[in-house]
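All residue numbers in this chain count up from 1 along the given sequence. Just so you know, these numbers use all the heavy atoms, side chains as well, and skip hydrogens, waters and symmetry mates. Just so it is clear, the model here is predicted, and its values are computed rather than measured.
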Amino acid sequence: MEKCNWPCLGIDMSKNVFDVEVDGMSDSPRMQFSNSTDGYASLIEWLVQKGIDKVHACVESTSRYHQALAEYLHENGHWVSIVNPRRVKAMRDMEGKQHKTDRLDAALIARFCRKERPARWTPQPIEIRQLQELQRRLEDLSKVMQQEINRLESGITCPALRFSIESHVEFLTLQIKQLEAVVKALVKQHPRLHRDYQLLVSIAGIGPKTALTHLAENGYLDRFQTCRQLEMVNGLVPIKNESGTSRKGEHLSSKSRSRLRKTLYMAALSAMQFNPVIREFATGLQQRGKPGKVVVCAVMRKLLRIMFGVLKSGIPFDAEHHHRLNRRFA
């Protein structure tokens, strides 16, 4: 994996300001800038004054506060890494640090960057970012809709309250339809996005929601060399839980992306009925005595591998071709 040897810049983000520190520069005070375009330009000027042309900037993934600064630094030729806050917290615990302030966090992130040299981040194309925002909004609206429907079915007797909830459900239904139309238009507008969508829905069991969620959360697969990497990012690699004589088996990670896993679960149940390749695969696991949850999780991984294959090859899913390959390499 490619490494960066530029000076490490730790960045601690908040809504309105961000603190920075360059690791190993004793004469370099920690600085604070506004979280705005002017603040980003001031950061670059400050680095130039310190004789620093390029940095390896490291920032925690904090909602969307870090996004604009990360893009600005990337566009100006700096190496940018966006890391999981849990990794930085683990380093703080390892060092035995108790105090936590913005400026101390900036220094901690800079040390983490120097020690770990995390991978380079590159922004997704604008259509992927827009799709992700739209899909997550649709997910939020669907959750609220279900909550309101549950309230209606809870035995409400007050007519005014029932009318209020029914009106809200009607409004949410309209909002969801409008956003779904926007998503459909967005996909059609971008050739590669439309191509990938068509490839995914060619797989029996993968519907529009699962296909769109995959594209929104994982984007184009150029950054993935192997399907194993894609499985790890989406938390579909079983994690062993063993210590001494304790054997607690395996489980899927709860600390990685969950949005695709949720849709893949329903897709797996559908594919086990309607996709001959998946049905044969699941039947084989069941005949070997695998528990139901294990079978479903294995099917989810199998589906993700098929999705990876069709996107990388650009060839729609063909059950007969898949069977021929399995017989050939069996």
Side-chain angles (χ1 to χ4, degrees), residues 1 59-64 66-67 81-91 93 112 116 118-124 128-129 131-133 135-140 142-143 196 200 203 205-243 246-272 275 278 281-282 285 290-312:
M1 185 174 63
V59 60
E60 294 176 311
S61 175
T62 51
S63 184
R64 297 177 182 171
H66 66 279
Q67 189 73 28
S81 295
I82 299 178
V83 299
N84 191 318
R86 292 190 183 95
R87 298 179 64 189
V88 179
K89 182 180 182 299
M91 184 167 178
D93 294 341
F112 172 88
E116 298 294 332
R120 189 172 200 169
W121 168 85
T122 54
Q124 290 280 7
I128 295 296
R129 283 177 275 168
L131 178 62
Q132 185 181 89
E133 292 176 355
Q135 281 297 111
R136 291 184 178 184
R137 177 61 177 167
L138 280 168
E139 182 182 345
D140 292 340
S142 297
K143 287 179 180 178
D196 283 5
L200 289 174
I203 305 168
I206 301 297
K209 183 177 179 180
T210 304
L212 290 170
T213 301
H214 179 282
L215 291 169
E217 296 303 319
N218 295 311
Y220 302 130
L221 299 187
D222 300 334
R223 61 197 176 99
F224 296 103
Q225 279 72 51
T226 66
C227 189
R228 180 77 171 185
Q229 295 171 338
L230 185 63
E231 292 171 4
M232 292 180 67
V233 165
N234 291 281
L236 284 172
V237 176
I239 298 174
K240 289 185 177 181
N241 189 355
E242 299 178 358
S243 179
S246 176
R247 297 290 186 273
K248 298 181 180 179
E250 297 180 337
H251 64 276
L252 298 182
S253 172
S254 61
K255 297 182 179 180
S256 55
R257 298 176 186 172
S258 61
R259 287 183 173 86
L260 181 62
R261 281 207 311 275
K262 291 176 183 177
T263 59
L264 266 182
Y265 178 82
M266 300 306 298
L269 298 181
S270 174
M272 288 167 66
N275 188 318
I278 296 298
F281 175 72
L285 293 174
K290 299 295 183 182
K293 287 185 178 180
V294 173
V295 173
V296 174
C297 288
V299 167
M300 289 166 64
R301 289 183 67 193
K302 179 75 170 179
L303 273 176
L304 190 62
R305 290 175 179 177
I306 293 174
M307 293 162 73
F308 181 86
V310 299
L311 290 175
K312 284 290 189 179

Practice problem: For side-chain contact (heavy atoms from CB on, under 4.5 Å), just list the numbers for Lys209 and Lys262, CA-CA rounded to whole Å, side-chain angles, deciding distance to a tenth of an Å, and then say yes or no. | Solution: CA-CA 11 Å; Lys209 183 177 179 180; Lys262 291 176 183 177; over 6 Å; no
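- Every residue meeting the side chain to side chain contact (heavy atoms under 4.5 Å, CB included) condition with Met91, not counting sequence neighbours, appears here in chain and number order: Met94, Glu95, Leu108, Arg111, Phe112, Lys115.
- Without hydrogens or angle criteria, Arg261 side chain to Leu236 main chain gives no donor-acceptor distance under 3.5 Å.
- Of all the heavy atoms in Thr210 and Ala267, the pair that sits closest is OG1-CB, 3.8 Å.
- Between Gln132 atom CD and Leu215 atom CG the span is 11.5 Å, to the nearest 0.5 Å.
- Summarising the geometry, atom CG belonging to Leu311 is positioned 5.0 Å from atom CG belonging to Asp196; distances are rounded to the nearest 0.5 Å.
- Under the side chain to side chain contact (heavy atoms under 4.5 Å, CB included) criterion, Asp93 pairs with Lys89, not counting sequence neighbours.
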Report, one line per pair, each donor and acceptor closer than 3.5 Å where one atom sits in a side chain of residues 225-233; sequence neighbours left out.
| unit_1 | atom_1 | unit_2 | atom_2 | d |
| --- | --- | --- | --- | --- |
| Thr226 | OG1 | Gln229 | N | 3.4 |
| Gln229 | OE1 | Gln225 | N | 2.7 |
| Gln229 | OE1 | Thr226 | N | 3.3 |
| Glu231 | OE1 | Arg301 | NH2 | 3.1 |
| Glu231 | OE2 | Arg305 | NE | 2.7 |

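- Electrostatic pairing of Glu217 and Arg136 counts as a salt bridge here, judged by a charged N lying under 4.0 Å from a carboxylate O.
- Partners of Asp140 by side-chain hydrogen bond (donor to acceptor under 3.5 Å, both in side chains), not counting sequence neighbours: none found.
- Within the 4.5 Å cutoff, the side chain of Met307 has heavy atoms near those of the Leu264 side chain.
- In terms of heavy atoms, Val299 sits closest to Ala282 at CG2-CB, 4.0 Å.
- Atom-to-atom distance recorded for Asn218:CG and Leu304:CG is 7.5 Å, nearest 0.5 angstrom.
- Residues meeting the salt bridge (charged side-chain N to carboxylate O under 4.0 Å, His left out) test with Lys293, sequence neighbours left out: none.
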Quiz item: side-chain contact (heavy atoms from CB on, under 4.5 Å) between Ile306 and Ile206: does it pass, once the steps are laid out?
Solution: CA-CA 10 Å; Ile306 293 174; Ile206 301 297; over 6 Å; no
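- With sequence neighbours excluded, no residue forms a side-chain hydrogen bond (donor to acceptor under 3.5 Å, both in side chains) with Arg137.
- Scanning both residues, Ser61 and Pro85, for their nearest heavy atoms gives O-CG, 3.5 Å.
- Under the side chain to side chain contact (heavy atoms under 4.5 Å, CB included) criterion, Ala271 pairs with Asn275, Ile278, Leu303, sequence neighbours left out.
- Using a 4.5 Å heavy-atom cutoff, the side chains of Arg223 and Thr122 are not in contact.
- A search for side chain to side chain contact (heavy atoms under 4.5 Å, CB included) contacts involving Ala298 returns Phe281, Leu285, not counting sequence neighbours.
- Scored by the side-chain hydrogen bond (donor to acceptor under 3.5 Å, both in side chains) test, Tyr220 finds Glu127 as partners (sequence neighbours excluded).
- Panel note: side chain Ser81, backbone Pro118; a donor-acceptor pair is recorded below 3.5 Å.
- Glu133 is linked by a salt bridge (charged side-chain N to carboxylate O under 4.0 Å, His left out) to nothing, counting only residues two or more places apart in sequence or in another chain.
- A donor-acceptor pair is defined here as one N or O able to donate and one able to accept, closer than 3.5 Å; such a pair exists between the side chain of Lys312 and the backbone of Phe224.
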Quiz item: Between Gln135 and Arg259, is a side-chain contact (heavy atoms from CB on, under 4.5 Å) present by the stated rule, with each step listed?
Solution: CA-CA 10 Å; Gln135 281 297 111; Arg259 287 183 173 86; over 6 Å; no
